[in-house]
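Worth saying up front: this structure is predicted, and the values here are computed from it rather than measured. For the numbers below, each heavy atom of this structure counts, side chains included, while hydrogens, waters and symmetry mates do not. Note on naming: letters A, B, ... go to the chains in the order of the sequence lines (proteins, then strands), and numbering restarts at 1 for each one.
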Amino acid sequence: MKIGYPCINRGIGCSANRTFRLASYSDERLLSTVRGNLECLERILSFNRASGLLFFRITSDLVPFASHPVCRADWQAELRPLFARAGELARRGDDRISMHPDQFVVINSPDRGLVERSVGELSYHATVLDLMGLDDTAKIQIHVGGVYGDREGSRNQFSRAYGDLPEPVIRRLVVENDDRRFTIRDCLEIHRETGIPVVYDHFHHRCHGNTGEIRGILEEVAGTWAARDGIPMADYSSQEPGRRTGTHATALDPDDFRQFLSASTPHDMDVMLEIKDKERSALAAAVIARSDPRFIHGPPRSPKT
DNA sequence: AATGGTCAAGTCAGC
DNA sequence: GCTGACTTGACCATT
């Protein structure tokens, strides 16, 4: 089990998702922004390694406007060595890397133009991971998409659209249950139709009113990951008290996290903590996970130097 | 230097 | 019909 956090490190003093306004786009601006973002990404990865956090989600904003028509800069060629260097850092540290495109990626949409733009965005994500030289365990996770008044039809549309995706995307794409539209059962059904691995999001599962046993579901989810896909990834968060259902907690709830770990034993997973204070909660969670030998699910890993 | 309106992109619930 | 939530506030024109 590796424990990680998404996109932003709040204590390190740099941001890997610096961007700028579309109106102020220039090739020079883009390249200098991405150089800065990659530099910060290296600092984050170094911090993570020193802290024992070996799972990290890279921000989708690493290359702003990457799939927008305004972007004409050849950032792949210009910055290839920098991507390779960041990737080398991740590989040396035995880091698990993921990405999570934002809500604008909807591959089951009835709007063909939107699907095309979504494929462009997914291809950009795959390019980043490819340039970093990461293997197929570095995943890109998305949600099923819109319901459009027809759950089953829209779920089937995801499976059809998945089959049409470019190979570099298919190698890395995984599907995750969301908090309101498609459940883990929907995702497992999509897996049966397509073979796509399924990410279990514990908090989203809870948002649908599920409070009980999760071992059976985790068993099924684990079966959707082939050896080349790596250890199953899971997202963890908890409800922020006093806010509407679905609002992520600002800080780790240690008791709830302990219960989650206990309920998931013996399934090994790499756990992404979607808590708003980021690395702080991830560090606290890692302490909890290490505190009880039952929670270190996988075979022990020798730290690489 | 501080601030507040606005920012590429979609869906849908809640008001 | 507008706003907020989603993996995440940050940019920048204006004062």
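C/dT8 and B/dT3 are spaced 25 Å apart, taking the P atom of each and rounding to whole Å. Taking atom C1' on both nucleotides, C/dG9 is separated from B/dC12 by 22 Å, rounded to a whole Å. Across B/dT6 and C/dC2, the matching P atoms stand 14 Å from one another, rounded to whole Å.
A side-chain donor from one of A/S15 and A/N17 sits under 3.5 Å from a side-chain acceptor of the other. For the residue pair A/H125/A/S60, the side-chain donor-acceptor check at 3.5 Å is satisfied.
Counting only residues at least two apart or in different chains, salt bridge (Lys or Arg N to Asp or Glu O under 4.0 Å) contacts with residues 65-81 of chain A are absent. Sorted by first and then second residue, the ring pair (Phe, Tyr, Trp, His ring centres under 6.0 Å) pairs involving residues 156-180 of chain A (not counting sequence neighbours) form an empty list. Counting only residues at least two apart or in different chains, salt bridge (Lys or Arg N to Asp or Glu O under 4.0 Å) contacts with residues 18-38 of chain A are absent. Residue pairs meeting the salt bridge (Lys or Arg N to Asp or Glu O under 4.0 Å) criterion with at least one partner in residues 136-161 of chain A, sequence neighbours excluded, are A/D136-A/R171, A/K139-A/D229, A/R151-A/D186, A/R155-A/D186.
Under the side-chain hydrogen bond (donor to acceptor under 3.5 Å, both in side chains) criterion, A/R10 pairs with no residue at all, not counting sequence neighbours. A search for side-chain hydrogen bond (donor to acceptor under 3.5 Å, both in side chains) contacts involving A/D61 returns nothing, not counting sequence neighbours.
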Is there any protein nitrogen or oxygen under 3.5 Å from a nitrogen or oxygen in nucleotides 11-15 of chain B, and what are the pairs?
| from | atom 1 | to | atom 2 | distance (Å) |
| --- | --- | --- | --- | --- |
| B/dT11 | OP1 | A/Y148 | OH | 2.7 |
| B/dC12 | OP1 | A/V147 | N | 2.4 |
| B/dC12 | OP1 | A/Y148 | N | 3.2 |
| B/dC12 | O2 | A/R180 | NH2 | 3.3 |

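Aromatic rings of A/Y200 and A/H202 (six-membered ring for Trp) have centroids within the 6.0 Å cut-off, being under it.
For the segment residues 121-141 of chain A, residues with any heavy atom less than 4.0 angstrom from an atom of DNA chain B are, sorted by number, A/E121. Of the residues in residues 3-34 of chain A, those placing a heavy atom less than 4.0 Å from an atom of DNA chain B are A/R21, A/L22, in numerical order.
Whole-Å rounding puts the A/F104 CZ to B/dA8 P distance at 11 Å.
DNA chain B contains the following stems of three or more consecutive Watson-Crick or G-U pairs, with both distances under 3.5 Å: B:1-7 with C:9-15, B:10-15 with C:1-6.
Looking only at side-chain heavy atoms (C-beta outward), A/F104 and A/E121 stay at 4.5 Å or farther from each other.
Protein chain A touches strand DNA chain C; the 5'-most and 3'-most nucleotides with an atom under 4.0 angstrom of its non-hydrogen atoms are C/dA5 to C/dC12.
Hydrophobic clustering, defined by side-chain heavy atoms of Ile, Leu, Val, Met, Phe, Trp and Tyr closer than 4.5 Å, groups A/Y148 together with A/V106, A/L114.
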Run the salt bridge (Lys or Arg N to Asp or Glu O under 4.0 Å) test on A/R172 and A/D130 for me, step by step, so that the C-alpha distance in whole Å, both residues' side-chain angles and the decisive distance to 0.1 Å come before the verdict. CA-CA 10 Å; A/R172 299 191 185 276; A/D130 288 347; 2.8 Å; yes
